[in-house]
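None of the values given here were measured: they were computed from a predicted structure.
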Amino acid sequence: MVKKNLNEMSFLDHLEELRWLLVRSTVAVLIFATVTFFVSDYIFDVIIFGPTDANFITYRFFCDLSRQLGFAESICVTEMPFIIQNTNMEGQINVLIWTCITAGFILGFPFILWEVWKFISPALYDTEKKHAKIFIFSSSLLFFLGVLFGYYVIVPMSVNFFATFTISTVVKNQFSIDSYIGLVKTSVIACGLFFELPIIIYFLTKLGLVTPAFLRKYWKYAVIIILIVAAIVTPPDVVSQIIVTIPMLIIYELSILISKIVVRNQKKENG
């Protein structure tokens with residue numbers, strides 16, 4: 001297994017490569033953002049504002065599930081007692097632009113991963129460089145699964161919780177469009193990046209910064225953090241919290257397993 005000599009490039013050369021990585025990635029995001037602009041009506045009406053409809057697929061799923069578990073219709077959503085309003089003169093234009101850029105980032109994520117792979121590949125063994133397609137595919141798959149999880153689970157639960165939470169009947173919920181769009185964007189991007197944890201752990205383990213023992217040692221703290229997050233973003237019922245918690249725990253356990261495999265392979269290579 002031969003490594004490329006990293007001394008072939010100076011520090012400034014690496015900075016130049018990093019600069020072009022950022023330039024190409026930015027151009028890709030802007031191209032995808034331009035494409036999404038032409039279907040922005042569908043993106044807003046069907047996708048982004050979908051969770052504001054009581055008939056959204058997630059709400060119907062939980063309602064059916066509650067009946068099957070014998071909870072009657074305790075977690076069924078029948079209405080969304082809030083409105084979304086724009087309070088800034090340029091508010092809707094800004095929302096349109098940044099939403100398209102966010103969509104461009106999501107759609108262009110595989111290309112960004114490819115650019116990152118090209119940047120770090122000189123530091124990898126020749127055998128590891130052959131795994132480029134696996135890296136791009138698995139990382140993209142995990143990211144998109146995270147985005148879907150955020151959109152179909154985290155966003156509806158958060159919207160439902162904040163829409164129905166009230167300190168008094170005197171107060172009516174009227175959310176700004178910036179607040180609502182911010183919740184959607186943060187939820188899907190954060191979940192997408194969280195689902196990248198196994199890939200991140202893989203590289204951290206390769207660098208010797210993380211070990212399976214370390215991850216297992218702090219497992220209980222990870223569980224507490226995940227439970228807290230689940231409690232914050234879900235309504236106060238056990239079913240919802242379990243549905244959010246289980247995938248996150250699976251991702252963490254998968255990260256530990258990947259770390260074990262990396263360490264085992266490194267021991268074999270070192271004889």
For I112, is there any backbone N or O sitting under 3.5 Å from a side-chain donor or acceptor partner on S25?
no

Ring centers of F162, F165 separated by less than 6.0 Å:
no

Verify same cluster id: M89, I97 (apolar side-chain graph, 4.5 Å):
no

Rounded distance (nearest 0.5 Å) linking atom OG1 of T87 with atom CD1 of I177
9.5 Å

Assess, by modelled atom type and distance only, whether the side chains of E253 and W219 contain a donor and an acceptor separated by less than 3.5 Å.
yes

Rounded to the nearest 0.5 Å, what separation is found between the CG atom of N173 and the CD1 atom of I84?
11.5 Å

Examine F49 and I57 and state if one hydrophobic cluster contains both, with Ile, Leu, Val, Met, Phe, Trp and Tyr joined whenever side-chain heavy atoms are less than 4.5 Å apart.
yes

Between Y151 and I47 (side chain of the first, backbone of the second, donor and acceptor by atom type, cut-off under 3.5 Å), is there such a pair?
yes

So, the side chain of S259 versus the backbone of S255: is there a donor-acceptor pair under 3.5 Å, distance only?
no

V223 with Y252, same ILVMFWY side-chain cluster at under 4.5 Å
yes

Please assess S140 against L113 for the test side chain to side chain contact (heavy atoms under 4.5 Å, CB included), listing each intermediate value before the final yes or no.
CA-CA 8 Å; S140 300; L113 287 174; 3.5 Å; yes

Would a distance-only check, ignoring hydrogens and angles, find a side-chain to backbone donor-acceptor pair under 3.5 Å from T164 to F161?
yes

Nearest-0.5 Å distance, CD1 of residue I134 to CG of residue L141:
13.0 Å

Output the distance between atom CD1 (I201) and atom NZ (K260), rounded to the nearest 0.5 Å.
13.5 Å

Nearest heavy atoms of I48 and V184, plus distance in Å:
O-CG2, 4.4 Å

Before you tell me yes or no, could you show the steps for R216 and I256 under side chain to side chain contact (heavy atoms under 4.5 Å, CB included), namely the whole-Å CA-CA distance, both residues' side-chain angles and the distance that decides it to 0.1 Å?
CA-CA 7 Å; R216 183 59 66 186; I256 297 176; 3.8 Å; yes

4.5 Å side-chain heavy-atom contact, T211 and F214:
yes

Are C191 and V147 close enough that some pair of their side-chain heavy atoms sits under 4.5 Å apart?
no

To the nearest 0.5 Å, what is the distance between CD1 (I225) and CE (M248)?
11.5 Å

Any heavy-atom pair between the side chains of T52 and F82 that's under 4.5 Å?
yes

Would you say the rings of F203 and F135 are close, in the sense that their centroids are separated by under 6.0 Å?
yes

Does any non-hydrogen side-chain atom of I83 lie less than 4.5 Å from one of F175?
no

Using the side chain to side chain contact (heavy atoms under 4.5 Å, CB included) rule, take T58 and V153 through it: C-alpha gap first, then chi angles, then the decisive distance, then the call.
CA-CA 7 Å; T58 302; V153 179; 5.8 Å; no

Taken to the nearest 0.5 Å, the spacing of I258 CD1 from I199 CD1 works out to 6.0 Å

Residue pair T34 / F38: nearest heavy atoms and the distance that separates them
O-CD1, 3.1 Å

Report yes if some heavy atom in the side chain of I101 is under 4.5 Å from a heavy atom in the side chain of W98; otherwise report no.
yes

Does the side chain of N94 come within less than 4.5 Å of N88's, by heavy atoms?
no

I want to check something: taking the side chain as every heavy atom from C-beta on, are L96 and F37 in contact at a cut-off of under 4.5 Å?
yes

Work out which heavy atom in P81 is nearest to a heavy atom in A163; give both atom names and the distance.
CG-O, 3.4 Å

Minimal heavy-atom distance between L21 and E115, with the atoms involved, is CD1-O, 3.4 Å

Compute the centroid of each ring, for F143 and then for F109, and state whether the two points are separated by less than 6.0 Å.
yes

Heavy atoms from other residues, nucleotides or ligands near CD1 of I93 exceed 12 (cutoff 6.0 Å):
no

Give a yes or no on whether Q92 atom CD has more than 12 heavy-atom contacts from other residues, nucleotides or ligands under 6.0 Å away.
no

Minimal heavy-atom distance between A33 and T36, with the atoms involved, is O-OG1, 2.7 Å

Go through the steps to decide whether F105 and I189 satisfy the test side chain to side chain contact (heavy atoms under 4.5 Å, CB included), and finish with yes or no.
CA-CA 9 Å; F105 171 78; I189 296 297; 3.8 Å; yes

Are any non-hydrogen side-chain atoms of Y180 and V159 less than 4.5 angstrom apart?
yes

Answer yes if Y218 and V263 sit in the same cluster of Ile, Leu, Val, Met, Phe, Trp and Tyr residues linked by side chain heavy atoms under 4.5 Å apart, and no otherwise.
no

Looking at every heavy atom in both Y59 and P156, which two are closest together, and how far apart are they?
OH-O, 3.2 Å

Report yes or no: do W117 and V23 belong to one cluster of Ile/Leu/Val/Met/Phe/Trp/Tyr joined by side chain heavy-atom distances under 4.5 Å?
no

